[in-house]
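What follows is a short report on a single structure.
Both counts, for ligands and for their atoms, begin at 1 and track the order of listing.
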Amino acid sequence: MALTILNNVEATQAFAETWTTDLTGGEIFALHGVLGSGKTQLVKGLVRGLGYRGPVTSPTFTLVHEYLGGRLPIYHLDLYRIQGEKEAIEIGIEEYIPSDGVTVIEWPERIAALLPPQTMHWELEVVSLTERVVRRRE
Ligand SMILES: Nc1ncnc2c1ncn2[C@@H]1O[C@H](COP(=O)(O)OP(=O)(O)O)[C@@H](O)[C@H]1O
Ligand SMILES: [Mg+2]
């Protein structure tokens with residue numbers, strides 16, 4: 001399977017930026033990888049690629065971050081604190097799967113059963129302090 005080596009944070013952001021060219025809305029990205037593997041850095045690239053210029057953060061208690069004002073709205077779901085599908089549905093997560101814009105999900109394993117087949121799955125691995133590897137999971 002094709003893999004890409006990401007030598008620094010900038011490379012990781014730039015990689016996700018390349019995803020944005022053909023997006024029209026309704027796409028779902030599922031980002032897999034351990035804590036600190038760079039999922040949020042990929043989100044930053046995606047957000048930047050869609051022309052949003054504000055900050056991208058991951059406050060611990062916010063499950064959904066909305067970035068509006070770029071070419072398409074982006075909904076960034078960080079499901080680290082979710083137990084499973086039942087809790088996600090209670091919170092209203094299904095509204096974003098899909099959305100009118102681009103949905104990008106950290107910890108997608110938590111809601112695996114809710115993800116439609118068109119979901120684009122990407123996997124990050126930590127190689128060293130500064131290096132990551134990313135690959136598409138079919
Ligand atoms: N090549 C790289 N790509 C992405 N992050 C990197 C890289 N090298 C080092 N890092 C660091 O790893 C951390 C990744 O954090 P983050 O994107 O929040 O991870 P996650 O969202 O997967 O928990 C950041 O502190 C970042 O500076
Ligand atoms: Mg994160």
Side-chain angles (χ1 to χ4, degrees):
M1 199 192 300
L3 57 82
T4 304
I5 297 168
L6 307 165
N7 285 308
N8 49 52
V9 171
E10 188 47 44
T12 300
Q13 294 185 6
F15 185 75
E17 211 170 334
T18 67
W19 296 345
T20 60
T21 328
D22 299 325
L23 300 177
T24 57
E27 291 88 357
I28 302 167
F29 292 92
L31 307 181
H32 302 263
V34 299
L35 209 62
S37 58
K39 299 181 294 300
T40 301
Q41 297 299 329
L42 286 175
V43 174
K44 285 185 184 182
L46 197 56
V47 166
R48 194 171 69 186
L50 285 169
Y52 177 86
R53 290 291 169 248
V56 175
T57 53
S58 286
T60 317
F61 300 107
T62 315
L63 293 173
V64 182
H65 313 272
E66 302 191 355
Y67 308 107
L68 310 175
R71 187 167 71 75
L72 290 167
I74 303 161
Y75 304 96
H76 171 199
L77 278 48
D78 189 336
L79 304 182
Y80 185 64
R81 280 163 202 287
I82 290 276
Q83 295 297 322
E85 284 89 1
K86 187 168 177 284
E87 189 183 347
I89 290 168
E90 282 164 10
I91 290 164
I93 290 297
E94 276 177 307
E95 183 187 336
Y96 301 100
I97 306 171
S99 70
D100 56 336
V102 177
T103 300
V104 55
I105 309 173
E106 297 190 45
W107 303 100
E109 307 71 19
R110 304 277 200 270
I111 58 158
L114 298 180
L115 296 175
Q118 73 267 25
T119 303
M120 293 174 272
H121 291 271
W122 290 90
E123 232 167 59
L124 279 162
E125 270 175 51
V126 178
V127 177
S128 71
L129 211 53
T130 55
E131 269 184 306
R132 305 290 184 264
V133 157
V134 67
R135 51 164 73 82
R136 178 85 184 260
R137 189 204 278 174
E138 299 309 330

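A salt bridge (charged side-chain N to carboxylate O under 4.0 Å, His left out) check over residues 83-103, counting only residues at least two apart or in different chains, returns the pairs K86-E90.
Residue contact check: L35 has heavy atoms under 4.0 Å from atoms 23 (O) of ligand 1. Those atoms of ligand 1 that come under 4.0 Å of a heavy atom in N8, given as number and element, are 1 (N), 2 (C), 3 (N).
Here V34 has backbone heavy atoms under 4.0 Å from ligand 1, and that is the only part of it that gets that close. The proximity of T12 to ligand 1, defined as any non-hydrogen pair under 4.0 Å, is limited to the side chain. Under 4.0 angstrom from ligand 1, the non-hydrogen atoms of L129 all belong to its backbone.
In this structure R71 satisfies the side-chain contact (heavy atoms from CB on, under 4.5 Å) test together with L23, L50, sequence neighbours excluded. Legend: residues meeting salt bridge (charged side-chain N to carboxylate O under 4.0 Å, His left out) with R48, ordered by chain and number and at least two apart, are E10, E17.
Only one option out of K39, R132, R135 pairs with E125 in a salt bridge (Lys or Arg N to Asp or Glu O under 4.0 Å); it is R135.
Backbone and side-chain nitrogen or oxygen atoms of G38 are examined, and one is located within less than 3.5 angstrom of a nitrogen or oxygen of ligand 1. Between T130 and ligand 1, at least one pair of N/O atoms sits closer than 3.5 Å. Here's the thing with E106: one of its N/O atoms is less than 3.5 angstrom from an N/O atom of ligand 1.
If you check the side chains of E66 and H76, you find no donor sitting under 3.5 Å from an acceptor.
For the Mg ion (ligand 2), the nearby protein N/O/S atoms, meaning those under 2.8 Å, are T40 OG1, E106 OE1.
Residue L114 comes nearest to A88 through the heavy atom pair CD1-CB, 4.3 Å, listed as atom of the first residue, atom of the second, then distance.
For an aromatic pair to be called close, the ring centres must be under 6.0 Å apart, and F29 with W122 fails this.
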